[in-house]
Amino acid sequence: MSASVPSPQTLIDSFGRAITYVRLSVTDRCDLRCIYCMAEDMTFLPRSEVLSIEELVLLGKTLCELGVTKLRITGGEPLIRKGIIELVQQLGKLPLEELCLTTNGTHLAQHAQALKDAGVDRINISLDTLNPERFKQLTRFGDIDQVFAGIKAAQVAGFQHTKLNCVALKHYNADEAVDLVKFALNEGLDISFIEEMPLGRIDGHGRAAEFVSSAELRDQISQHFSLKPDDVTTGGPSRYWKAGGYSSRIGFISPHSENFCSSCNRVRVTATGKLILCLGQENSADLRAAMRNNPQPESALRSALLNAIQYKPEKHDFNLNDEPKILRFMSMTGG
Ligand code: SAM
Ligand code: SF4
């Protein structure tokens with residue numbers, strides 16, 4: 001008699017990595033146009049192509065059943081998605097270890113308390129500079145005061161370990177690394193510096209010319225603070241350090257200089273429901289089709305996820321000097 005092989009119940013890829021963290025993009029739209037993320041002229045998707053709130057909730061629930069413990073809501077700018085609070089309220093009821101959100105902060109002042117009440121555990125806020133003019137240049141027209149108001153509102157609402165995300169570009173903001181760290185430490189915020197990734201074709205700057213490594217930034221920062229590596233892991237790609245006398249964490253996300261693929265525990269879902277198995281590769285699966293074209297969307301979604309995870313690539317191979325291999329913008333993929 002042959003023993004039946006139990007079907008897998010959790011998302012484990014063919015390299016044995018357990019996928020427990022999913023970044024869920026809830027819109028491809030944004031109220032800013034950061035120069036590293038978007039082209040000046042963007043065409044956004046028709047609404048019918050974007051997952052509905054109900055589909056996003058079903059997806060969250062199914063992922064949770066398959067062993068996902070951490071969801072990050074992102075975009076585009078998640079806080080301009082219609083129904084975002086309702087979505088967060090639904091996802092907040094799932095038995096997750098962490099529900100997180102990444103935002104540019106422009107609409108956070110209005111929503112911080114509602115997000116906290118709905119069960120969001122942690123927020124990342126993008127901030128690449130402290131200078132209002134530079135902020136305008138980097139985002140093409142943004143108002144930095146809205147972001148400062150958002151940071152304040154997150155603090156008032158009681159969020160802990162709020163993290164600033166800063167994409168470092170050599171000729172735009174790399175000289176501000178120390179000031180950004182001082183700001184974060186004084187405000188009790190964590191901060192991560194991100195090496196720019198070659199996602200999508202942008203017009204204004206060469207990605208290779210703007211490259212600044214995490215090590216260079218760490219060197220700058222360590223001239224002002226004594227940095228000690230911190231073992232903490234938040235389940236993401238950041239490697240953390242601490243400055244003597246402060247509790248804040250200083251992280252570095254280094255897709256080029258310190259490859260982190262072997263410990264990758266995450267996948268992304270685009271606003272159209274495409275499961276992106278690796279940020280730097282094209283392997284994907286259409287979860288929207290699984291939900292929309294089947295009489296039993298729940299089981300179809302589950303099978304699609306379990307099947308797709310076997311195709312997660314071993315690693316990304318970003319090359320800053322070539323034409324971008326991945327033509328999806330980060331705003332499409334969900335950063
Ligand atoms: N709009 C929200 C925000 O800006 O935080 C969420 C979406 S945004 C795509 C998520 C993160 O991706 C941001 O921290 C942003 O700085 C980062 N990002 C965008 N394009 C990038 C790129 N080409 N390389 C590295 N990080 C990028
Ligand atoms: Fe918008 Fe975020 Fe991309 Fe900036 S990084 S353009 S805020 S989606």
Side-chain angles (χ1 to χ4, degrees), residues 23-42 44-45 72-81 84 100-108 111 115 120 122-129 135-144 146-147 150-151 154 162-170 172-173 180 189-208 210-214 217 236-238 251-257 260 266 268-271 276 279-280 316 318 320 324-335:
R23 301 193 186 197
L24 205 52
S25 173
V26 298
T27 178
D28 64 323
R29 293 169 194 246
C30 187
D31 55 335
L32 300 180
R33 296 283 183 280
C34 301
I35 59 169
Y36 48 76
C37 176
M38 289 196 179
E40 190 151 14
D41 246 349
M42 295 287 292
F44 295 112
L45 295 163
R72 175 174 299 284
I73 301 166
T74 179
E77 175 45 42
L79 295 185
I80 64 168
R81 167 71 202 252
I84 184 68
C100 304
L101 178 119
T102 300
T103 173
N104 63 26
T106 57
H107 288 65
L108 189 54
H111 293 306
L115 293 170
V120 171
R122 251 177 347 112
I123 297 190
N124 288 355
I125 304 172
S126 294
L127 184 66
D128 304 318
T129 176
F135 186 80
K136 257 195 181 54
Q137 187 190 15
L138 282 161
T139 59
R140 295 205 175 90
F141 44 74
D143 173 2
I144 201 169
Q146 291 180 328
V147 185
I151 294 172
T162 299
K163 186 171 78 159
L164 302 179
N165 274 342
C166 171
V167 175
L169 304 179
K170 196 173 201 101
Y172 287 84
N173 64 346
L180 281 158
L189 305 166
D190 292 346
I191 183 165
S192 276
F193 292 95
I194 308 173
E195 291 175 352
E196 185 187 17
M197 291 173 241
L199 301 172
R201 193 170 283 131
I202 48 162
D203 24 37
H205 65 272
R207 307 253 197 206
E210 292 307 324
F211 176 69
V212 48
S213 71
S214 295
L217 297 176
S238 266
F252 297 90
I253 302 178
S254 322
H256 302 288
S257 61
F260 42 66
R266 57 205 162 270
R268 294 169 160 83
V269 182
T270 69
I276 305 284
L279 195 51
H316 67 241
F318 289 135
L320 289 173
K325 195 172 98 178
I326 301 295
L327 295 178
R328 294 183 306 264
F329 288 105
M330 185 68 132
S331 56
M332 264 305 299
T333 314

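Start at 1 and go down the list; that is how both ligands and their atoms are numbered. Treat the numbers as computed from the prediction; the structure is a model and nothing was measured.
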Would [X] count as being in polar contact with ligand 1, using the rule that some N or O on each side must be under 3.5 angstrom apart?
X: Thr102; value: no
X: Glu195; value: no
X: Tyr36; value: yes
X: Gly75; value: no
X: Thr103; value: yes

Give the numbers and elements of all ligand 2 atoms closer than 4.0 Å to a heavy atom of Asn104.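 Going through ligand 2 atom by atom, the ones under 4.0 Å from Asn104 are 7 (S).
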
Atoms in ligand 2 with a heavy atom of Cys34 nearer than 4.0 Å: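 In order of number, 4 (Fe), 5 (S), 6 (S), 7 (S).
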
Counting only heavy atoms, tell me which of Ser192, Ser126, Ala168 gets closest to atom 3 (C) of ligand 1.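 Checking each option, the heavy atom nearest atom 3 (C) of ligand 1 is found in Ser126.
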
Out of Arg72, Glu77, Lys163, who is nearest to atom 2 (C) of ligand 1 when you count heavy atoms only?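 Closest candidate by heavy-atom distance is Glu77.
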
What's the separation between atom [atom1] in [X] and atom [atom2] in [Y], rounded to the nearest 0.5 Å?
X: Leu45; Y: Arg29; atom1: CG; atom2: CZ; value: 7.5 Å
X: Asn124; Y: Arg72; atom1: CG; atom2: CZ; value: 4.0 Å
X: Ile35; Y: Gln137; atom1: CD1; atom2: CD; value: 6.5 Å
X: Asn173; Y: Phe193; atom1: CG; atom2: CZ; value: 8.5 Å
X: Arg33; Y: Leu138; atom1: CZ; atom2: CG; value: 15.0 Å
X: Asp143; Y: Lys136; atom1: CG; atom2: NZ; value: 5.5 Å

Only one of Leu108, Asn165, Thr74 clears side chain to side chain contact (heavy atoms under 4.5 Å, CB included) with Thr103; which?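 Only one option passes, and that is Leu108.
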
Quick one: which of Asp190, Val147, Asp128, Ile151 gives a side chain to side chain contact (heavy atoms under 4.5 Å, CB included) with Leu164?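 Answer to the side chain to side chain contact (heavy atoms under 4.5 Å, CB included) test with Leu164 among Asp190, Val147, Asp128, Ile151: Ile151.
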
For atom 4 (Fe) of ligand 2, does an N/O/S atom of Cys37 lie at less than 2.8 Å?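 Checking Cys37: none of its N, O or S atoms is under 2.8 Å.
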
Between Arg268 and Ser25, do the side chains contain an N or O donor and an N or O acceptor separated by less than 3.5 Å?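 No donor-acceptor contact under 3.5 Å links the two side chains.
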
If you count the atoms of ligand 1 from 1 in the order shown, which ones are under 4.0 Å from a heavy atom of [X]?
X: Cys37; result: 19 (C), 20 (N)
X: Val167; result: 16 (O), 26 (N), 27 (C)
X: Arg207; result: 23 (N)
X: Asn165; result: 14 (O)
X: Ile194; result: 25 (C), 26 (N)
X: Met197; result: 22 (C), 23 (N), 24 (N), 25 (C)
X: Thr74; result: 6 (C), 7 (C)

Quick check: does Cys30 put an N/O/S atom under 2.8 Å from atom 1 (Fe) of ligand 2?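 Under 2.8 Å: Cys30 contacts atom 1 (Fe) of ligand 2 through an N, O or S atom.
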
Any atom of ligand 1 sitting under 4.0 Å from a heavy atom of Gly76?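 Per 4.0 Å heavy-atom rule, Gly76 contacts ligand 1.
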
Nearest heavy atoms of His107 and Ile80, plus distance in Å: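 That would be CE1-CG2, 3.9 Å.
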
Listed partners of Glu210 passing side-chain hydrogen bond (donor to acceptor under 3.5 Å, both in side chains), at least two apart: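 For Glu210 the side-chain hydrogen bond (donor to acceptor under 3.5 Å, both in side chains) partners, ignoring immediate neighbours, are His171.
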
Taking side-chain hydrogen bond (donor to acceptor under 3.5 Å, both in side chains) as the definition, give me every residue that meets it alongside Thr139, ordered by chain and number, with sequence neighbours left out.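 With neighbours one apart ignored, the set is empty.
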
Looking at ligand 2, would Ser126 count as a contact under a 4.0 Å heavy-atom criterion?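 In this structure, Ser126 fails to qualify as a contact of ligand 2 - no heavy atom is under 4.0 Å.
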
